[in-house]
2 protein chains.
Amino acid sequence: MTKPVQQRTLKTRAKLIAAAEVLIAKEGYTALRVEDVVQKAGVAKGTFFAHFRDKDALMDRLIGAHIDRILDDWEKAPAPKTIPEVVAIMSPLLTFLTSERYVFDVVMRYSGATLIEDIGPIAMTIGRFDELMCGWMEVGEYRADVSPQLLSEGVQAFFFQAMALHFCALHSDIALTDRLQSYLSAWLIVKTESPSASCT
Amino acid sequence: MTKPVQQRTLKTRAKLIAAAEVLIAKEGYTALRVEDVVQKAGVAKGTFFAHFRDKDALMDRLIGAHIDRILDDWEKAPAPKTIPEVVAIMSPLLTFLTSERYVFDVVMRYSGATLIEDIGPIAMTIGRFDELMCGWMEVGEYRADVSPQLLSEGVQAFFFQAMALHFCALHSDIALTDRLQSYLSAWLIVKTESPSASCT
DNA sequence: ATTAGTTATTGACCGAGGTCAATTTCTGTA
DNA sequence: TACAGAAATTGACCTCGGTCAATAACTAAT
């Protein structure tokens, strides 16, 4: 109860993470192999799995940490007021999530936690994303007929849709940010404009 | 050129698919192992990979076929005119895609083809989905300020978002169809209604 | 019918993620 | 300091998807 975790535990975990980060910096997430990580960290294979449930748990942590760093910038910057500004601020995250198909897949799979107990790093970042978005929705001049919460969920949906189509051969010709912008323009209908030809 | 494919090829492939279908009916997609398929089909392991690039290629085909059967019903039925009707007709597909997390993941991964050459069965069904949706968008009384194509892409985005949150511990309390309905109500703003409190 | 060339099948083998009983290291207590 | 119990580490072993050189089966041409 007093000291359930030993010093060497932290040290070993740090070694594993450091080794993984070096390897990823060199070869990317897709190419990472557990064998290489433990070899570089100088520990046995079993040790890895004493620290991480599986390979994906490490990925969850590393990718989550990367996303967190990007979201830190979102928080530091002034809230975007227009749709182009929203897209612009989102751009670094789009770039990271589409840098490797594998990264996108991991984020998709871990963006929602299955059990409440194990809300992992990536799932946490989705929470941050959502919170930030809700804030932006309130300060910008967007439609007011639906709640900021729903607006935020929609932005998330289009955010992922834009990336999914980016990976698709039939649609990858259109720039990711352009597509997202046209989605958001349609979703977050700007307040001051009156609907063009709908009220007959 | 005349007969590039032999009879036994078709027979072997049919045996493999039949074996897989039996196993899946019994244990589900998640539990399917290639070893079991080849054993039940009475062929060697290598044969499997002479017929399918990898395990996922078989899954693509089987899951794609299942989705196709569901979409056949969509096509047979009269086009839904209201949002509740749209959700109702979509319900069987939602049920199938959320029956196993693994199925959802496979569909996500294969819904967009990486190369134009290998548009697989699942990617084809997304095309059908899109086409059907475009048709429905035109006959229903939905917003006219954006193209049916964009409307359809949005429906797709919300369709997947609803399922993703369904798998998420934080959000799985709300029924899948209810969530989708509230998404679509906000996205496909019905024409006849005038926007409530937006034009100040 | 024989044969040459093509296509399909085989199964031993590999790679990489993941497990676990045995062992070592650590910590608090007498 | 000695020792008992807990925690961390080890590496042989397992599973399962996937490969490939060798072999068998098929086809068409002479």
Side-chain angles (χ1 to χ4, degrees), chain A residues 1-20 23-24 26-63 100-103 105-106 109-110 118 120, chain B residues 1-20 23-24 26-63 100-103 105-106 109-110 118 120:
Chain A
M1 188 116 321
T2 44
K3 261 198 154 196
V5 60
Q6 307 182 352
Q7 278 307 314
R8 62 173 168 169
T9 305
L10 282 333
K11 241 178 113 179
T12 305
R13 187 166 307 165
K15 273 197 293 182
L16 284 166
I17 289 174
L23 290 170
I24 286 166
K26 214 184 297 174
E27 305 275 359
Y29 290 89
T30 315
L32 192 77
R33 285 179 307 144
V34 174
E35 293 270 15
D36 294 343
V37 176
V38 297
Q39 197 199 331
K40 192 161 194 87
V43 299
K45 201 167 180 185
T47 303
F48 181 95
F49 294 98
H51 287 266
F52 302 99
R53 186 183 1 211
D54 50 27
K55 187 187 166 186
D56 281 355
L58 173 66
M59 288 302 186
D60 188 10
R61 180 164 177 151
L62 294 177
I63 293 174
E100 295 175 49
R101 173 78 213 214
Y102 174 70
V103 170
D105 287 340
V106 170
R109 190 158 46 251
Y110 287 89
D118 53 32
Chain B
M1 188 119 320
T2 45
K3 262 198 155 196
V5 61
Q6 307 182 354
Q7 279 305 316
R8 62 174 167 165
T9 305
L10 283 333
K11 241 178 112 178
T12 304
R13 187 167 305 164
K15 272 196 293 182
L16 284 167
I17 289 174
L23 291 171
I24 286 166
K26 213 183 297 172
E27 305 275 357
Y29 290 89
T30 316
L32 193 77
R33 284 179 306 142
V34 174
E35 294 269 16
D36 295 342
V37 175
V38 296
Q39 195 197 332
K40 191 159 196 89
V43 300
K45 201 167 181 185
T47 303
F48 180 95
F49 295 97
H51 288 266
F52 302 99
R53 190 191 353 230
D54 50 27
K55 188 187 166 185
D56 281 356
L58 172 66
M59 289 302 185
D60 189 10
R61 181 165 176 149
L62 294 177
I63 293 173
E100 296 176 49
R101 172 78 214 214
Y102 174 70
V103 170
D105 287 339
V106 170
R109 190 158 46 251
Y110 287 90
D118 53 31

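From a predicted model like this one, the values you see are computed outputs, not experimental measurements. Residue numbers begin at 1 in each chain, while the letters A, B, ... track the order of the sequences.
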Please pick, from [options], the nucleotide with the shortest atom-to-atom distance to any side-chain atom of [X].
| X | options | result |
| --- | --- | --- |
| Ala50(A) | dG17(C), dA25(D), dT9(D) | dT9(D) |
| Arg8(A) | dG18(D), dT19(C), dA7(D) | dA7(D) |
| Thr47(B) | dT9(C), dT10(D), dG17(D) | dT9(C) |
| Val43(B) | dT10(D), dG17(D), dT10(C) | dT10(C) |
| Ala44(A) | dT10(D), dT9(D), dG18(C) | dT10(D) |

task: Might you point out which heavy atoms bring Thr9(B) and His51(B) nearest each other, and give the distance in Å?
output: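 In this case the closest contact between Thr9(B) and His51(B) is O-CE1, 3.4 Å.
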- request: Can you see which heavy atom on Asp60(B) is nearest to which on Gly120(B), and at what distance?
  value: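 Asp60(B) and Gly120(B) have their closest heavy atoms at OD2-CA, 3.6 Å.
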message: For dT9(C) and Thr12(B) - does any side-chain N or O of the residue sit under 4.0 Å from the phosphate oxygens OP1/OP2?
response: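 For dT9(C), OP1/OP2 do have a side-chain N/O of Thr12(B) under 4.0 Å.
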task: Determine: side-chain N/O of His51(B) to OP1/OP2 of dT9(C), distance under 4.0 Å, yes or no.
output: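 His51(B) to dT9(C) OP1/OP2: side-chain N or O found under 4.0 Å.
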If I take atom [atom1] in residue [X] and atom [atom2] in nucleotide [N], what distance separates them, rounded to the nearest angstrom?
| X | N | atom1 | atom2 | result |
| --- | --- | --- | --- | --- |
| Leu16(B) | dG18(D) | CG | C1' | 15 Å |
| Leu10(B) | dC26(D) | CG | P | 14 Å |
| Phe49(B) | dG11(C) | CZ | P | 15 Å |
| Arg53(A) | dT19(C) | CZ | C1' | 15 Å |
| Lys15(B) | dT10(C) | NZ | C1' | 13 Å |
| Phe52(B) | dT19(D) | CZ | C1' | 18 Å |
| Gln39(A) | dG17(C) | CD | C1' | 16 Å |
| Phe48(B) | dC20(D) | CZ | C1' | 17 Å |

task: Mind checking the CE-CZ spacing from Met59(A) to Phe52(A)? Nearest 0.5 Å is all I need.
output: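 So the CE of Met59(A) and the CZ of Phe52(A) are separated by 11.0 Å.
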- prompt: Can you find an N or O donor on one side and an acceptor on the other, under 3.5 Å apart, linking the side chain of Lys55(B) with the base of dG18(D)?
  reply: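 Donor-acceptor pair under 3.5 Å: no.
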For [X], which contact category applies under a 4.0 Å heavy-atom criterion: base, sugar-phosphate, or nothing?
| X | value |
| --- | --- |
| Thr9(B) | sugar-phosphate |
| Arg33(B) | sugar-phosphate |
| Leu58(B) | nothing |

field: Heavy-atom neighbours of Lys40(B) NZ exceed 12 at 6.0 Å
entry: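 12 or below, so no.
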query: If you draw a 6.0 Å radius around CZ in Arg53(A), do more than 12 non-hydrogen atoms from other residues or ligands fall strictly inside?
result: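 No, because the 6.0 Å sphere around CZ of Arg53(A) holds 12 heavy atoms or fewer from other groups.
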message: Judged by each residue's nearest nucleotide on DNA chain D, which is more toward the 5′ side, Gly46(A) or Asp54(B)?
response: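 Here Gly46(A) is the residue nearer the 5' end.
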